[in-house]
Amino acid sequence: MKKKDARIIAALTGVLMGVLYFPYVAGLITFWTYGALLVIGAPVFFLAAGFAMMAGEGEEDDPFIGY
Amino acid sequence: MIPEILAALFFGLLLLGLHRKVVARIQKRPGPPVWQEFLHAAKFFWKQTWVPKTASSLMFVGIVLVGIGIWVAALLVVIAGGNILIIFGIYMLQKIVEHGFGLSSGSPYGKFGGVRSVISAASEIPLFVSVAAIALFTHSLALQDIVAYQAVHGPLLLIVPPAAFAMFLVLLSKMPGGPFSVVEGKELVSGYKTEHFGFFRAGLYVCDGLKTTVLLWTFVLVFIGGLPTAGFIIVMVILMIILSFTCALTPMLTPFDSVTLQTLVTGAMLVYVGCIAAMGVPG
Amino acid sequence: MIRRISNVISHFDHILPLFAAACAIIAAIAIISLPFTYVPDQLYPKTINRASNLDPYDRGGPPFTQAVIHSQYPGNSPSAGYVTTYLTPFSRFLADSTAHLGTTIVAHPGGILDEILYNTRGLDTVVEPTILFIAFAIASYLFRREE
Amino acid sequence: MIAVGGEPFYYLEFGDIVLYFSPVTTTLFVLALLFTLFVLASRPERQVDIAFGSDAYLAKVITPGELHFRKFMATACGLASMGAMVTGDVFDFTLFASLVGITNIGIVAAVKNRHVQNAAYQYGLVSLSATVPLFSGAAMVAATTGTLSLIELAKGTYPAVPLAVKSFLVLGIIGEGMAPFYAAKAEMFRAPGAPYVIMCSLSSLLIFLRVVEIAMTM
């Protein structure tokens, strides 16, 4: 994933989860609708934020094989 | 809901830190500070990360998504007082998440961790027998019904102590360093976690934190009943300390010994539930 | 003791006898708890016409008409009962001339799949051949793997 | 009635076989779907092995032919478990369960590894013999109640299913790869190809969860 894309995804999910919190508290959207959003959104936000900030630039490494 | 999730995550990581502290004190070590696990998670999140060359990249990344997602879902189910079978289903899915972590990287150590995690699948079976025992009394598996039942009849811990014991064993099998924690044995480097570093590992800490809170909370809800928030926190801390003592004072079993022991417990539980069902439920 | 048990269950050559033992125990429990009451009000009942060439499979009645089937949700399958007695002309010929053909699932296309499954139980008719075909796929793959 | 899985909110009818989506079955269905999508979309990992006697190591590569076959089998396994999760009919459930058993063998059948093949063979024998208690359990459910529909059984108007019959059903599922009969399955996990072998374990866990729900509903 490109860092720029990851940044956009992280921002999108973060903003969506944050903004929709207010209608949920106000009772406009149901618990499970907002819950489904969180179940999908929270891990995506977490990983996308990680990719946006700390994704490695160089070549990948081999797995650890013990020495 | 976001505040609840963050609180549960933070509290779960603190509980795990407490676990390490208690175990260390029993072993006459000073031990890390209680917020050590939280520091770990934060540290890992700000490390450079990439996917190993040999890994199945989609699986490697996707399994972190699944891991966090299912435990957020489990927490929401507990908050909503939903069905206890869903929580236990998610708990069993944690097994698949472990396989995914271990197998997706191509590392032999991760693989061993994953295979160990298949072997230890017996740890889930006592769960269902205790669920059956609970259902015999409450006639429902929704958490709110179970809590309501206990408000009338007193805690299930006193009514069906063997079921509580079976579930305690299940909790124990998910504690680091416990007798049944064969998946994370020290001879496996870091077991299924070996290849997930950087923010993937931070994601694993998020899973662990949520998992600890959800499991302990469910135990308290199912066997003790509804309490005020402070009461929940106190009881969960006490439960954690009991678990830590058990972990520190028991040796780790070999994988198949742990399977045998858990199967025997399940057998005993089955006989017990059979007896209850045959004699008829009082009340 | 625990170690001895775990030595047995850890070896995959032992699980078949182990499973057989478990089956035997459960079967013994089942035999002890006999008799179970048989409920005569069954789904898909049938009267067996021993004289027919299609003996266990004959549902009675002329072809292309609706046989009487007691199904769980009659509203869901208004056409139930038609295909159970349906035979292609060739199958009809086989059925009329011999008592030994047209009675297995692979005997003949358009032959009788299974008198209960066929069209009274929608999804089962799909799942059951699927099991067969998956088994065929595995077998043929293994057979041709070395080529 | 014990509302084990919560109230269903959607019914899908295939004649007498009615699929129902209650909170529990829907959760399980979504999980099976998710991992099936993983199987479809992901490439297998290259498993690293250390060559003893030197400091070299090798990565096992799965050939395209093997890859396609295993992907097909794992997808079939995913579809079968999805079906088993939502079906509202005991006999249909047992059919799906045996389909899962067969596809599990198929997932590792293509692996060129004697140890894994032996384990798969033993697993196949057990899952074959497990169909006997499985189907006889379903048949006895029909005999003792007169119906196979879980929705009807859950209403409590039919006679209760004897405990021994339920144990037959559960034993049949346990034979498909749950404790303590999964030693072969654990060995099957040594095969490379992470997304596919995970399906083996996922399907048996999900089916076990479902049979617990079914046994408590009846």
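- Near-neighbour residues of residues 73-84 of chain D relative to chain B, defined by a heavy atom under 4.5 Å from a heavy atom of that chain, are none.
- For F168(D), there are no ring pair (Phe, Tyr, Trp, His ring centres under 6.0 Å) partners two or more places apart in sequence or in a different chain.
- Atom CG in L28(D) sits 10.0 Å away from atom CE in M92(B) (nearest 0.5 Å).
- The nearest pair of heavy atoms linking S201(D) to I96(B) is OG-CD1, 3.6 Å.
- Y91(B) OH to L205(D) CG: the interatomic distance, rounded to the nearest 0.5 Å, is 11.0 Å.
- At a 4.5 Å heavy-atom cutoff, the contact between V131(B) and chain D is made by backbone and side-chain atoms alike.
- Using a 4.5 Å cut-off between heavy atoms, L163(D) makes no contact with chain B at all.
- For V212(D), the part sitting under 4.5 Å from any heavy atom of chain B is the side chain, from C-beta outward, and nothing else.
- Counting heavy atoms from C-beta outward, H99(B) and V197(D) have side chains that stay 4.5 Å or more apart.
- For a residue to count as touching a neighbouring chain, one of its non-hydrogen atoms must lie under 4.5 Å from one of that chain's; by this rule L202(D) touches chain B with backbone and side chain alike.
- L58(B) approaches A41(D) most closely through the heavy-atom pair CD2-CB, 3.6 Å.
- Atom CG in L141(B) sits 4.5 Å away from atom CE in M216(D) (nearest 0.5 Å).
- Every residue two or more places apart in sequence or in another chain that forms a side chain to side chain contact (heavy atoms under 4.5 Å, CB included) with T26(D) is listed here: F9(D), F21(D), V30(D).
- In this structure, I63(B) and F38(D) approach most closely via the heavy-atom pair N-CZ, 4.3 Å.
- When side chains are defined from C-beta on, N83(B) does not count as touching T27(D), because their heavy atoms never get closer than 4.5 Å.
- Within the structure, every pair that satisfies the salt bridge (charged side-chain N to carboxylate O under 4.0 Å, His left out) test and touches residues 198-218 of chain D, not counting sequence neighbours, is listed here: R210(D)-E213(D).
- Rounded to the nearest 0.5 angstrom, L209(D) CG and L93(B) CG are separated by 8.0 Å.
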